[in-house]
There are 2 protein chains.
Amino acid sequence: MTLAVNMISGKWKLFILYGLRDGEKRYSELRRICEGITEKMLTNQLRELEKDGLIKRKVYPQVPPKVEYSFTEIGERLSFMFDPLYNWGLDYIKEKRPEQYHLVKQYEKTSH
Amino acid sequence: MTLAVNMISGKWKLFILYGLRDGEKRYSELRRICEGITEKMLTNQLRELEKDGLIKRKVYPQVPPKVEYSFTEIGERLSFMFDPLYNWGLDYIKEKRPEQYHLVKQYEKTSH
DNA sequence: TATGGTACATACCAATTAGTTAGTTTTGTT
DNA sequence: AACAAAACTAACTAATTGGTATGTACCATA
């Protein structure tokens with residue numbers, strides 16, 4: 001439990017993983033997905049996730065550079081929690097902050 | 001997702017919630033379950049979980065005092081993730097740190 | 001009289017984490 | 001000639017989080 005919690009804790013890691021759930025993503029795509037993250041943080045967190053073996057990094061030798069991130073096998077096995085966790089959050093907002101609920105619903109439309 | 005992640009992140013929150021998964025627990029029981037936690041941190045984290053509505057607090061007017069913590073309804077709905085997350089951690093250790101695997105298995109026997 | 005158990009609170013300090021700002025590289029575009 | 005794009009790195013600062021140490025109330029027991 002300690003190990004699992006440590007690997008996914010931090011302000012951005014679950015977002016990054018969540019962003020990867022439907023396949024590989026470029027650095028700049030992740031930057032857009034993780035609204036508000038700084039480049040430093042994105043790089044840091046990607047490095048840690050890579051070091052821990054949850055994601056892998058594929059570099060295309062081009063200019064301008066292109067780097068793609070995706071799950072490793074064991075990283076992908078964390079997918080079980082993304083949708084339930086997202087839905088739990090939705091339920092929570094519905095119950096505890098009903099005034100905000102419609103905002104989230106609107107946001108859902110624009111972002112997918 | 002932001003909301004859900006914020007509520008369960010922190011060095012101890014998931015342990016506390018994990019500790020409550022089989023029913024209400026006293027303060028001192030949680031202290032034993034969360035090996036290494038200080039009283040300050042335990043109290044802090046319990047207060048935050050309570051403020052967020054994930055757990056509830058029941059005080060028995062006795063001396064010495066007795067306080068029991070348990071899930072609220074929405075808190076309990078996070079249970080879906082505890083066992084899978086624990087097992088994911090186990091798998092991770094099995095794959096990436098096989099030398100440590102037997103230690104965990106031994107620990108499992110003693111603690112339940 | 002001293003000690004212990006329970007569930008805290010408070011003050012202060014250390015460590016960890018996150019944010020800001022600026023720069024790098026190479027090529028292509030205006 | 002200036003600037004933009006992508007994926008970074010480095011130096012520095014701010015904010016958050018966690019730890020240590022000590023104290024409290026009340027009663028019971030040694």
Side-chain angles (χ1 to χ4, degrees), chain A residues 1-20 23-52 54-72 75, chain B residues 1-20 23-52 54-72 75:
Chain A
M1 201 69 178
T2 311
L3 184 138
V5 170
N6 285 342
M7 280 191 190
I8 61 173
S9 66
K11 198 170 166 185
W12 299 105
K13 283 187 181 170
L14 271 174
F15 290 100
I16 294 175
L17 296 172
Y18 186 60
L20 293 178
E24 57 197 8
K25 289 274 153 50
R26 295 183 64 172
Y27 181 88
S28 48
E29 294 178 288
L30 289 170
R31 204 175 48 202
R32 257 182 290 110
I33 292 171
C34 304
E35 238 184 289
I37 197 172
T38 61
E39 299 205 329
K40 174 196 159 186
M41 275 297 118
L42 182 53
T43 307
N44 277 0
Q45 306 293 297
L46 286 170
R47 288 291 132 80
E48 283 184 31
L49 290 168
E50 196 194 353
K51 192 194 82 219
D52 289 339
L54 304 192
I55 63 173
K56 50 185 193 260
R57 190 163 175 271
K58 195 172 170 194
V59 184
Y60 296 81
Q62 304 179 349
V63 170
K66 177 177 173 181
V67 182
E68 276 182 349
Y69 294 92
S70 56
F71 282 125
T72 58
Chain B
M1 200 70 177
T2 311
L3 183 137
V5 171
N6 285 343
M7 281 192 190
I8 60 174
S9 68
K11 197 171 168 186
W12 299 105
K13 284 189 182 170
L14 272 174
F15 291 100
I16 294 175
L17 295 173
Y18 187 58
L20 293 178
E24 56 196 7
K25 288 275 152 48
R26 294 185 63 174
Y27 182 86
S28 50
E29 294 178 289
L30 289 171
R31 204 175 47 203
R32 257 183 290 109
I33 292 170
C34 304
E35 238 184 289
I37 197 172
T38 61
E39 299 205 329
K40 175 195 159 184
M41 273 298 118
L42 181 53
T43 307
N44 275 1
Q45 305 293 295
L46 286 170
R47 289 292 131 83
E48 283 184 30
L49 290 168
E50 197 194 351
K51 193 193 80 217
D52 289 339
L54 304 192
I55 64 174
K56 48 186 192 254
R57 192 165 173 269
K58 192 171 171 191
V59 184
Y60 296 80
Q62 304 179 349
V63 170
K66 178 177 173 184
V67 182
E68 276 182 350
Y69 294 92
S70 56
F71 281 125
T72 58

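Just so it is clear, the structure is predicted and the values come from calculations on it, not from any experiment. Each chain gets a letter, A, B and so on, in the order the sequences are listed, and its residues count up from 1.
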Return the nearest nucleotide to the side chain of [X]; candidates are [options].
X       : options               : answer
B/Val63 : D/dC26, D/dG18, D/dC8 : D/dC26
A/Trp12 : C/dG19, D/dG19, D/dA7 : C/dG19
A/Met41 : C/dA18, D/dG19, D/dA6 : C/dA18
B/Gln45 : C/dT6, D/dA7, D/dG18  : D/dG18
B/Arg47 : C/dG19, C/dC8, D/dG18 : C/dC8
A/Lys40 : D/dA7, D/dA5, D/dC12  : D/dC12
B/Glu39 : D/dA5, D/dG18, C/dA7  : C/dA7

Can you check the [X] [atom1] to [N] [atom2] distance for me, whole Å?
X       : N      : atom1 : atom2 : value
B/Lys11 : D/dG18 : NZ    : P     : 7 Å
B/Asn6  : C/dT17 : CG    : C1'   : 14 Å
B/Lys58 : C/dC8  : NZ    : P     : 15 Å
B/Leu42 : D/dT17 : CG    : P     : 17 Å
A/Leu30 : D/dC8  : CG    : P     : 10 Å
A/Gln62 : C/dT27 : CD    : P     : 13 Å
A/Glu68 : D/dC8  : CD    : P     : 12 Å
B/Glu29 : C/dT6  : CD    : P     : 10 Å

Test: B/Lys25 and B/Glu68 ion pair at under 4.0 Å: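 So B/Lys25 does not pair with B/Glu68 through a salt bridge.
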Under a 4.0 Å threshold between the charged nitrogen and the carboxylate oxygen, would A/Lys56 count as salt-bridged to A/Glu50?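 No, this pair does not count.
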Across the strands shown, which category fits A/Thr38 at heavy-atom distances under 4.0 angstrom: base, sugar-phosphate, nothing?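 Base contact.
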For [X] versus [Y], what's the shortest heavy-atom pair and its separation?
X       : Y       : result
A/Lys13 : A/Ile8  : CB-O, 4.0 Å
A/Arg57 : A/Val67 : CG-CG1, 3.8 Å
B/Trp12 : B/Gly36 : CH2-C, 3.8 Å

Which comes earlier along DNA chain D counting from the 5' end, the contact point of A/Pro64 or that of A/Thr43, where each point is its nearest nucleotide?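 On the 5' side of the pair lies A/Pro64.
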Counting only side-chain N and O atoms of [X], is one of them less than 4.0 Å from OP1 or OP2 of [N]?
X       : N     : answer
B/Tyr69 : C/dC8 : yes
A/Ser28 : D/dA7 : yes
B/Arg26 : C/dT6 : no
B/Arg57 : C/dA7 : no

Hey, which of B/Lys40, B/Gln45, B/Met41, B/Arg47 is the one that makes side chain to side chain contact (heavy atoms under 4.5 Å, CB included) with B/Thr43?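 The side chain to side chain contact (heavy atoms under 4.5 Å, CB included) with B/Thr43 is passed solely by B/Arg47 among B/Lys40, B/Gln45, B/Met41, B/Arg47.
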